[in-house]
Amino acid sequence: MFPAGPPSHSLLRLPLLQLLLLVVQAVGRGLGRASPAGGPLEDVVIERYHIPRACPREVQMGDFVRYHYNGTFEDGKKFDSSYDRNTLVAIVVGVGRLITGMDRGLMGMCVNERRRLIVPPHLGYGSIGLAGLIPPDATLYFDVVLLDVWNKEDTVQVSTLLRPPHCPRMVQDGDFMRYHYNGSLMDGTLFDSSYSRNHTYNTYIGQGYIIPGMDQGLQGACMGERRRITIPPHLAYGENGTGDKIPGSAVLIFNVHVIDFHNPADVVEIRTLSRPSETCNETTKLGDFVRYHYNCSLLDGTQLFTSHDYGAPQEATLGANKVIEGLDTGLQGMCVGERRQLIVPPHLAHGESGARGVPGSAVLLFEVELVSREDGLPTGYLFVWHKDPPANLFEDMDLNKDGEVPPEEFSTFIKAQVSEGKGRLMPGQDPEKTIGDMFQNQDRNQDGKITVDELKLKSDEDEERVHEEL
């Protein structure tokens with residue numbers, strides 16, 4: 001637009017955009033025109049022909065604004081337009097950088113509001129005009145749409161759109177967060193969205209990895225919370241903007257949905273949902289073989305896996321690295337029939353890389369029900385005796401008394417010990433495979449049979465008497 005003050009040859013040499021940074025105020029003021037008899041000079045006439053429903057703030061003196069305009073004379077002839085340059089006017093209002101009429105006409109304006117301003121000559125370029133552009137004593141007509149407004153004193157504004165009723169903890173510095181967002185300019189123009197990439201934005205909070213305004217705006221959020229965060233440019237991308245979608249000095253609005261967050265120091269959160277009414281004398285411990293049902297989801301409710309899809313409980317030996325560390329921890333100390341809710345941070349689950357069907361850095365929510373438990377075996381054992389083994393173990397095992405034990409005799413003997421309650425195999429593994437592994441361990445020369453010299457108890461080999469195993 002046009003600079004304030006009388007025209008000069010130096011002004012004519014300025015770029016047209018700088019020349020056209022000028023114009024108005026008059027909301028709620030007397031807007032009469034001057035009378036031929038020398039009455040008061042007319043003020044700017046403002047026609048507000050589109051007023052947005054929501055107007056969180058209005059333009060005030062000293063605000064920085066960005067707007068588009070068309071400038072015409074009374075006969076409709078256009079003398080200038082920011083649209084023709086495809087560049088918004090970006091300037092501070094009320095400090096003399098615009099013609100007085102434009103300064104006045106922008107006051108009280110809302111983002112996305114459209115106004116028609118009629119600027120009388122004495123509030124525009126007066127009786128001199130602007131050589132080659134504005135004739136003397138010209139009344140100027142401007143159609144203006146405001147797209148942005150902020151002030152250097154502005155801070156981050158946070159509006160809570162949805163806050164979950166249960167919020168056990170809130171985001172703080174050092175937390176790692178996963179969230180979805182839509183980012184738009186004040187006029188509603190979308191410049192980015194995590195939803196379009198079908199992937200959350202994942203970052204540490206308060207560590208300088210994101211723009212300062214977002215770092216501030218995410219503080220104190222709950223899991224599942226939805227927020228609108230309005231960030232002035234000095235806490236976003238400043239005067240230069242970034243890329244081709246965020247212009248310089250732009251206010252940014254983010255609609256954020258917090259999916260989850262955690263801290264590297266977090267442990268598994270365990271909440272008991274129900275316990276069996278009967279007395280529970282034994283609970284699960286490391287080494288136990290357990291069967292359990294589970295549902296696994298993200299904290300936003302997205303279902304990932306469930307054992308019910310397989311028609312049978314999941315099986316695992318606790319402490320044997322068969323399940324993620326957090327689940328292994330959460331299954332310990334349970335009674336048969338107990339139900340628990342487990343919240344497992346990613347460093348105790350699938351980490352930053354995730355797994356098939358599990359996003360990277362995801363906090364997992366498990367609901368587990370313990371179906372059964374069996375005492376496990378010591379590490380390295382495949383079979384243990386409940387009491388002392390037979391005194392003449394090889395003779396009892398050599399069923400046909402030919403001085404050697406083939407696989408068939410070995411298998412028959414071990415199965416008999418299990419069925420008679422004299423010993424037990426490692427739980428959670430195919431008995432045939434376990435017995436086959438035991439035979440291979442005893443057939444030391446791998447000739448397909450066991451001799452009296454080959455047969456040794458594991459306790460003899462390990463010099464341990466806690467358990468005895470073939």
Can you tell me how far [atom2] of [Y] sits from [atom1] of [X], rounded to the nearest 0.5 angstrom?
X: R228; Y: T160; atom1: CZ; atom2: OG1; answer: 11.0 Å
X: L342; Y: L331; atom1: CG; atom2: CG; answer: 6.5 Å
X: S274; Y: E338; atom1: OG; atom2: CD; answer: 7.5 Å
X: L348; Y: D328; atom1: CG; atom2: CG; answer: 11.0 Å
X: Q303; Y: N295; atom1: CD; atom2: CG; answer: 5.0 Å
X: T189; Y: I246; atom1: OG1; atom2: CD1; answer: 11.5 Å

Open item on the list: Given S307, which partner from the list E369, Q314, H293, E315 fulfils the side chain to side chain donor-acceptor pair (under 3.5 Å) test?
Closed with: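 So, applying the side chain to side chain donor-acceptor pair (under 3.5 Å) to S307 and each of E369, Q314, H293, E315, only H293 qualifies.
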Closest non-hydrogen atom pair, [X] against [Y]:
X: C222; Y: F261; result: C-CE2, 3.8 Å
X: A250; Y: P233; result: O-CB, 3.5 Å
X: P232; Y: T230; result: CD-O, 3.9 Å
X: K245; Y: L185; result: O-CD1, 4.2 Å
X: D175; Y: M170; result: OD2-O, 4.0 Å
X: H122; Y: E42; result: CE1-O, 2.8 Å

TODO: May I ask you to check whether E74 and T139 show a side-chain donor-acceptor distance below 3.5 Å?
DONE: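 Checked: E74/T139 side chains show no N/O donor-acceptor pair below 3.5 Å.
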TODO: Consider only side-chain N and O atoms of D173 and Q219, and report whether a donor and an acceptor are under 3.5 Å apart.
DONE: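 Result is yes, a qualifying pair exists.
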Please say whether more than 12 non-hydrogen atoms of neighbouring residues, nucleotides or ligands are located less than 6.0 Å from [atom1] in [X].
X: Y310; atom1: OH; answer: no
X: E352; atom1: CD; answer: no
X: Q207; atom1: CD; answer: yes
X: R356; atom1: CZ; answer: no
X: D309; atom1: CG; answer: yes
X: D430; atom1: CG; answer: yes
X: N198; atom1: CG; answer: no
X: Y195; atom1: OH; answer: yes

Just so I know, are the side chains of [X] and [Y] near enough to count as touching, which here means a heavy-atom distance under 4.5 Å?
X: L252; Y: Y237; answer: yes
X: V93; Y: L98; answer: yes
X: I229; Y: I253; answer: no
X: L364; Y: I324; answer: yes
X: D63; Y: R57; answer: yes
X: R373; Y: K285; answer: yes
X: Y201; Y: I210; answer: yes
X: M334; Y: V290; answer: no

- [ ] Determine the sole option in Y67, F73, F79 for which the ring-ring contact (aromatic ring centres under 6.0 Å, His included) test with F142 is passed.
- [x]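 One option only clears the test, and that one is F79.
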Between the side chain of [X] and the main-chain N/O of [Y], is any donor-acceptor distance below 3.5 Å?
X: R227; Y: G217; result: yes
X: T283; Y: C335; result: no
X: S184; Y: F254; result: no
X: D215; Y: G206; result: yes
X: R424; Y: D375; result: yes
X: W150; Y: H234; result: no
X: S194; Y: Y181; result: yes
X: D266; Y: N263; result: yes
X: T306; Y: H308; result: yes

Open item on the list: Please determine whether side chain to side chain contact (heavy atoms under 4.5 Å, CB included) holds for the pair L377 and L382, giving the CA-CA distance in whole Å, both sets of side-chain angles, and the decisive distance to 0.1 Å.
Closed with: CA-CA 7 Å; L377 303 187; L382 299 175; 5.6 Å; no
Open item on the list: Under 4.0 Å between a side-chain nitrogen and a carboxylate oxygen: does that hold for E374 and R291?
Closed with: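 Looking at E374 and R291, the cut-off is met.
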Open item on the list: Please evaluate residues E269 and R271 with respect to the criterion salt bridge (Lys or Arg N to Asp or Glu O under 4.0 Å), reporting the C-alpha separation (whole Å), side-chain torsions for both, the decisive distance (0.1 Å), and the verdict.
Closed with: CA-CA 7 Å; E269 295 181 30; R271 184 162 70 97; over 6 Å; no
TODO: Report yes if the distance between the aromatic ring centroids of Y69 and Y141 is under 6.0 Å, otherwise no.
DONE: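 Not close enough - the centres of the two rings lie 6.0 Å or further apart.
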TODO: For the pair T155 and Q157, evaluate side-chain hydrogen bond (donor to acceptor under 3.5 Å, both in side chains) and give the outcome as yes or no after the intermediate values.
DONE: CA-CA 6 Å; T155 58; Q157 300 298 312; 3.3 Å; yes
TODO: Show your working on side chain to side chain contact (heavy atoms under 4.5 Å, CB included) between E47 and V45 and close with a plain yes or no.
DONE: CA-CA 7 Å; E47 177 190 350; V45 176; 5.8 Å; no
TODO: Give the intermediate values and the outcome of side chain to side chain contact (heavy atoms under 4.5 Å, CB included) for residues D192 and R197.
DONE: CA-CA 10 Å; D192 192 24; R197 296 185 292 274; 2.8 Å; yes
- [ ] Please state whether the rings of Y83 and H68 are parallel, tilted or perpendicular, taking 30° and 60° as the class boundaries.
- [x]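 Rings of Y83 and H68: parallel, under 30°.
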Task: D43/L123 under side chain to side chain contact (heavy atoms under 4.5 Å, CB included): CA gap, chis, key distance, verdict - done: CA-CA 8 Å; D43 204 343; L123 297 178; 3.6 Å; yes
